[in-house]
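Treat the numbers as computed from the prediction; the structure is a model and nothing was measured. Protein chains get the first letters and strands the later ones, always in sequence-line order, with residue 1 at the start of each.
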Number of protein chains: 2
Amino acid sequence: MEKNHLKAAGLKITTPRMRILDLLTTSGDRHLSAEEIYQQLHKIDTDISIATIYRVLTQFEAAGLVIRHNFEENHSVFELNHGEHHDHLVCMKCRKVVEFHDAVIEARQEELTKKFGFIMKDHCLTIYGVCSECQ
Amino acid sequence: MEKNHLKAAGLKITTPRMRILDLLTTSGDRHLSAEEIYQQLHKIDTDISIATIYRVLTQFEAAGLVIRHNFEENHSVFELNHGEHHDHLVCMKCRKVVEFHDAVIEARQEELTKKFGFIMKDHCLTIYGVCSECQ
DNA sequence: GTCCGTGCAAAGGATTTGCATAATC
DNA sequence: GATTATGCAAATCCTTTGCACGGAC
């Protein structure tokens, strides 16, 4: 239940926070931008200011509740953080997102990073394509 | 020689275009932002307006001469396009960039994309870490 | 009641654009 | 000389922030 996630993150239970968390929970297959969250919430009569949406998302990111992505160059999109690292396959037409995890790729990345003398902190692999429905 | 690249792309030879191309050629190990290009060119007494830098970079991108990356969320960085696809290992401290290509990862990505019924159009893998000098 | 969260409007940074001038071919 | 590029300043887009009010605990 969402309330527990908020409490666990040390955040007070407020309407904006609950609604945004709800929305992200129910839009698992599509990562949302701040503007989209704003629009969607207005549709269901929840008028939260865009400033609050940015503030809440930033707090959620800091608390590890959501992950921010920069798939496109002019804005960020957000997804719920389920804890397991995964990469993304994004449909360039309908923006559907498939999450995957591949042990072979993960291991290979670790090897390469070491080979170049780096210490890996994070990584992101995004494949852009066209899904079966949009082809 | 740079002039040929411009002609091949159907672009007129102008000072701003030559200088920007020169600069990108000589900064292979660090991808530059528009602002950095602006600063660097000013240092060598080449006063090109920031608007022109953005315009030139956008044209270069359209012509396939440069590749735009969004490693960080608030601005883009640019690198010369040498034709071969590669992925990136970025140092989070000094911003050095190592380019690599790994056949195992590439093949695996193709398999995964097919498995999910997508047609792959593009992909980017970026590993964020700390390089040997910055550790 | 105290402290934190929110809305509003204004500010901020990166990037784009309109228009008159200047350069290339 | 015709056409395309550039510089400047204003505009635009996404995101952040200051401040006064409202809500959670």
_Please tell me if A/Tyr54 has a side-chain N or O lying less than 4.0 Å from either OP1 or OP2 of D/dT15._
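Yes, because at least one side-chain N or O of A/Tyr54 sits under 4.0 Å from OP1 or OP2 of D/dT15.
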_If the cut-off is 4.0 Å, is A/Ser76 near the phosphate of D/dC14, judged by side-chain N/O to OP1 or OP2?_
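Answer is no, no contact under 4.0 Å.
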Rounded distance (Å) that lies between atom [atom2] of [N] and atom [atom1] of [X]:
{"X": "A/Ile37", "N": "D/dT15", "atom1": "CD1", "atom2": "P", "answer": "11 Å"}
{"X": "B/Leu11", "N": "C/dA23", "atom1": "CG", "atom2": "C1'", "answer": "15 Å"}
{"X": "A/Ile48", "N": "C/dC8", "atom1": "CD1", "atom2": "P", "answer": "12 Å"}
{"X": "B/Arg55", "N": "D/dG7", "atom1": "CZ", "atom2": "P", "answer": "8 Å"}
{"X": "A/Met18", "N": "C/dG5", "atom1": "CE", "atom2": "P", "answer": "15 Å"}
{"X": "B/Leu6", "N": "D/dT4", "atom1": "CG", "atom2": "P", "answer": "17 Å"}
{"X": "A/Arg68", "N": "D/dC14", "atom1": "CZ", "atom2": "C1'", "answer": "11 Å"}
{"X": "A/Phe60", "N": "C/dG5", "atom1": "CZ", "atom2": "C1'", "answer": "12 Å"}

*What is the nucleic acid contact for A/Arg17, judged by heavy atoms within less than 4.0 Å: base, sugar-phosphate only, or nothing?*
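Sugar-phosphate, backbone atoms only, no base.
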*Which part of the nucleic acid does B/Ile50 contact within heavy-atom distance under 4.0 Å: base, sugar-phosphate only, or nothing?*
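No contact at all - B/Ile50 keeps every heavy atom at 4.0 Å or more from the nucleic acid.
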*Write down the atom of B/Ile53, the atom of B/Ala34, and the distance for their closest heavy-atom approach.*
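So the minimum-distance heavy-atom pair works out to CG2-O, 3.9 Å.
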*Got a salt bridge between A/Lys114 and A/Glu111, using NZ or NE/NH1/NH2 to carboxylate O under 4.0 Å?*
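Here A/Lys114 does not pair with A/Glu111 in a salt bridge, since their nearest N and O are not under 4.0 Å apart.
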*Would a distance-only check, ignoring hydrogens and angles, find a side-chain to backbone donor-acceptor pair under 3.5 Å from A/Asp122 to B/Tyr128?*
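No, because the side chain of A/Asp122 does not come within donor-acceptor range (under 3.5 Å) of the backbone of B/Tyr128.
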Per [X] side chain, nearest of listed nucleotides [options]:
{"X": "A/Ala51", "options": "D/dA24, C/dA9, D/dG7", "value": "C/dA9"}
{"X": "A/Asn74", "options": "D/dG7, D/dC14, D/dT16", "value": "D/dC14"}
{"X": "A/Thr14", "options": "D/dA24, D/dG7, C/dG7", "value": "D/dA24"}

*B/Glu79 vs B/Val66 side-chain heavy atoms within contact, under 4.5 Å*: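 They are not in contact (no side-chain heavy atoms under 4.5 Å apart), so the answer is no.
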*5'-most by nearest nucleotide on DNA chain C - B/Thr52 or B/Lys12*: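 Checking each residue's closest nucleotide, the 5'-ward one belongs to B/Thr52.
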*Whichever of B/Pro16 and B/Glu73 has its nearest DNA chain D nucleotide further upstream toward 5'*: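 Its nucleotide being nearer the 5' end, the pick is B/Pro16.
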*Give the ring-plane orientation class for A/Phe100 versus B/Phe116, where under 30° counts as parallel, over 60° as perpendicular and anything between as tilted.*
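Rings of A/Phe100 and B/Phe116: tilted, 30 to 60°.
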